[in-house]
Amino acid sequence: MKLLFQLTPIIIIPLCALTTTAQVKETIKQLHDPASKKVMVVSHRGDWRNAPENSLEAYKLAIEMGVDMIETDLGKTSDGVIVIMHDGTIDRTTNGKGKPSDYTLAELRKFHLKNGLGRVTNHTIPTLEEVMLLAKGKVMVNLDKSIKYYNEAYQILKSTGTLEQALFKTELSYPELKELYPAILDSITFMAVVNLDKPGARKIIEEYQKAVKPVAFELNFGTDTSAILTDNSFIPAHGAKIWYNSLWASLNAGHEDDLAFDSGNTKDSWDWLISHGATILQTDRPLMMLNYLRKRSLHK
């Protein structure tokens, strides 16, 4: 007897795939929602206290913690590959010497990253493509030191299907940025970096808001006397989030991570930044900050 029908194969989608896709969609949605009072956490150079800074392992650990975004620093090899390296040279962070541009990717891979104690590990310098594939469906990626490499980064993001997950940034004014990259400005997620200690900071912010409507403004300040710190509601009112760096004193007038970590003083560090409008915080203490925000019901 012949069967008159065929069984349709059952396709099982792993739960983790559903979870990570939903996770990054929720993060992207929150990034584009200036009215949200939840605070997004950006892990600076990954979890560099437990793995070499800017290594795939440091990013993996940060993602597992539940951060919303990881921060990368871009460099370029002599054969045109975009790699992750904060410094202008590889001297401090690897057992090699010289600039990334002194080497091809294959040559650069022969060096190994150092951990926080300066000891050489088995980890090597990752490429931007590798970082984006690791982050795909999980977290946003902050492209620091990227202004020279916007076009190359854009192509990598397009090819990996991660364009929505990347945040481009620069300290340049809008006219300077437009002159460099007029073709892709409307296609990227962008954040302007503004030093509040410099004259004309508000004008720079307003100029950007009229032209490209950045998703956020990274506000840095060595002193906390700028009027923008207490009068910045115009920023979310025009569609952008406020980003502060809690990394070290020169970026936040002393309202820093170590004040919270070493002294348990969140009142004058993270509380202060949040009370002054922060809905994105970049930190060197991602796990502690996540726990702090969750206790306050300020993290998703």
Side-chain angles (χ1 to χ4, degrees), residues 18-44 62-71 135-144 162-169 188-194 196 202 205-206 208-221 226 228-247 251-252 255 257 260 266-267 269-300:
L18 292 172
T19 303
T20 54
T21 300
Q23 176 181 326
V24 79
K25 284 184 177 179
E26 181 61 29
T27 300
I28 293 170
K29 180 181 177 182
Q30 185 180 347
L31 180 65
H32 289 267
D33 180 10
S36 173
K37 298 303 181 184
K38 299 290 186 181
V39 179
M40 304 180 73
V41 176
V42 186
S43 184
H44 183 233
I63 291 169
E64 289 173 351
M65 284 179 191
V67 302
D68 303 289
M69 193 180 305
I70 54 176
E71 183 260 359
K136 188 172 183 177
K138 301 181 183 74
V139 294
M140 294 287 297
V141 179
N142 170 29
L143 302 177
D144 204 0
T162 56
L163 184 59
E164 280 191 309
Q165 288 181 233
L167 183 61
F168 290 77
K169 60 188 285 189
I188 62 176
T189 303
F190 175 76
M191 175 175 73
V193 182
V194 181
L196 298 185
R202 182 163 184 144
I205 294 171
E206 291 175 341
Y208 260 118
Q209 289 189 309
K210 289 177 183 177
V212 294
K213 296 189 181 302
V215 73
F217 284 91
E218 178 181 317
L219 305 180
N220 297 320
F221 49 98
S226 170
I228 293 175
L229 289 170
T230 53
D231 179 21
N232 53 37
S233 60
F234 71 97
I235 294 177
H238 287 82
K241 286 184 172 292
I242 295 173
W243 166 313
Y244 293 135
N245 295 302
S246 60
L247 309 175
L251 296 174
N252 51 54
H255 305 285
D257 284 336
T266 58
K267 176 179 178 292
S269 54
W270 299 338
D271 289 343
W272 190 96
L273 295 171
I274 293 169
S275 70
H276 287 75
T279 48
I280 308 177
L281 289 172
Q282 181 170 217
T283 179
D284 277 329
R285 299 285 183 179
L287 185 57
M288 183 180 175
M289 179 175 283
L290 283 168
N291 290 335
Y292 153 83
L293 291 172
R294 287 165 181 161
K295 287 179 182 178
R296 291 192 56 187
S297 299
L298 286 175
H299 193 263
K300 65 184 182 189

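Fair warning: this is a prediction, and the values are worked out from it, not measured in the lab. Only this structure's heavy atoms are used, side chains among them; waters, hydrogens and symmetry mates stay out.
- Within the 4.5 Å cutoff, the side chain of Val24 has no heavy atoms near those of the Val139 side chain.
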Solution key, residues 33-41 side-chain donor-acceptor pairs under 3.5 Å, sequence neighbours excluded:
unit_1 : atom_1 : unit_2 : atom_2 : d
Asp33  : OD1    : Ala35  : N      : 3.1
Ser36  : OG     : Lys38  : N      : 3.3
Lys38  : NZ     : Ser297 : O      : 2.9

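- Summarising the geometry of His276 relative to Tyr244, their closest heavy-atom pair is O-OH, 2.7 Å, with the distance given to 0.1 Å.
- For Asp257, there are no salt bridge (Lys or Arg N to Asp or Glu O under 4.0 Å) partners two or more places apart in sequence or in a different chain.
- In this structure, the side chains of Leu219 and Ile205 come closer than 4.5 Å at one or more pairs of heavy atoms.
- Among residues at least two apart or in separate chains, there is no salt bridge (charged side-chain N to carboxylate O under 4.0 Å, His left out) pair with a member in residues 236-245.
- Gln209 and Ala240 make their closest contact through NE2-CB, 4.4 Å (heavy atoms, listed as atom of the first residue, atom of the second, distance).
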Go through the steps for Leu31 and Asp68 under the test side-chain contact (heavy atoms from CB on, under 4.5 Å), then give the verdict. CA-CA 9 Å; Leu31 180 65; Asp68 303 289; over 6 Å; no
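- Taking both residues in full, the closest heavy atoms of Gly277 and Ile242 are given as O-CB, 3.4 Å, listed atom of the first, atom of the second, then distance.
- Salt bridge Asp231/Arg202: present, at least one basic N to carboxylate O contact under 4.0 Å.
- In Glu164, the CD atom is not crowded: 12 or fewer heavy atoms of neighbouring residues, nucleotides or ligands sit closer than 6.0 Å.
- There is a side-chain donor-acceptor pair under 3.5 Å between Glu218 and Asn245.
- Put simply, OG1 on Thr162 and NZ on Lys138 are 11.5 Å apart, with the number rounded to the nearest 0.5 Å.
- In this structure the side chain of Tyr292 reaches within 4.5 angstrom of the side chain of Asp271, judged on heavy atoms.
- For residues 277-290, there are no salt bridge (charged side-chain N to carboxylate O under 4.0 Å, His left out) pairs, not counting sequence neighbours.
- Under the 4.5 Å side-chain criterion, counting only non-hydrogen atoms from C-beta, Val141 is not in contact with Met69.
- The CE atom of Met65 sits 5.0 Å away from the CG atom of Leu287 when rounded to the nearest 0.5 Å.
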Begin from the C-alpha positions of Asn142 and His44 and carry the test side-chain contact (heavy atoms from CB on, under 4.5 Å) through to its verdict. CA-CA 9 Å; Asn142 170 29; His44 183 233; over 6 Å; no
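- Each of His255, Gln282, Met289 was scored for a side chain to side chain contact (heavy atoms under 4.5 Å, CB included) with Ser246, with one residue passing: Met289.
- Here the shortest heavy-atom pairing between Ile70 and Ala62 reads CG2-CB, 4.1 Å.
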Can you list the steps and then say if Ile228 with Val194 is a side-chain contact (heavy atoms from CB on, under 4.5 Å)? CA-CA 11 Å; Ile228 293 175; Val194 181; over 6 Å; no
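- At least one side-chain heavy atom of Pro214 sits under 4.5 Å from a side-chain heavy atom of Tyr208.
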With side-chain contact (heavy atoms from CB on, under 4.5 Å) as the test, would you mind laying out the steps for Val212 and Phe190 before giving the verdict? CA-CA 8 Å; Val212 294; Phe190 175 76; 4.3 Å; yes
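- For Glu71, the salt bridge (Lys or Arg N to Asp or Glu O under 4.0 Å) criterion is met by no residue, not counting sequence neighbours.
- Here the closest non-hydrogen pair linking Ile280 and Ala216 is CD1-CB, 4.1 Å.
- Contact annotation: the side chain of Val42 never approaches that of Val67 to less than 4.5 Å [non-hydrogen atoms, C-beta and beyond].
- Aromatic ring centres of Phe217 and Trp243 lie farther apart than the 6.0 Å criterion allows.
- In this structure Arg294 satisfies the salt bridge (Lys or Arg N to Asp or Glu O under 4.0 Å) test with no other residue, sequence neighbours excluded.
- Note that the CG atom of Leu290 and the NZ atom of Lys295 stand 12.0 Å from one another [nearest 0.5 Å].
- Counting all heavy atoms, side chain and backbone alike, Ala166 lies closest to Thr189 at O-CB, 3.4 Å.
- Residues Asn252 and Phe221 are in side-chain contact: their nearest non-hydrogen atoms beyond the backbone lie under 4.5 Å apart.
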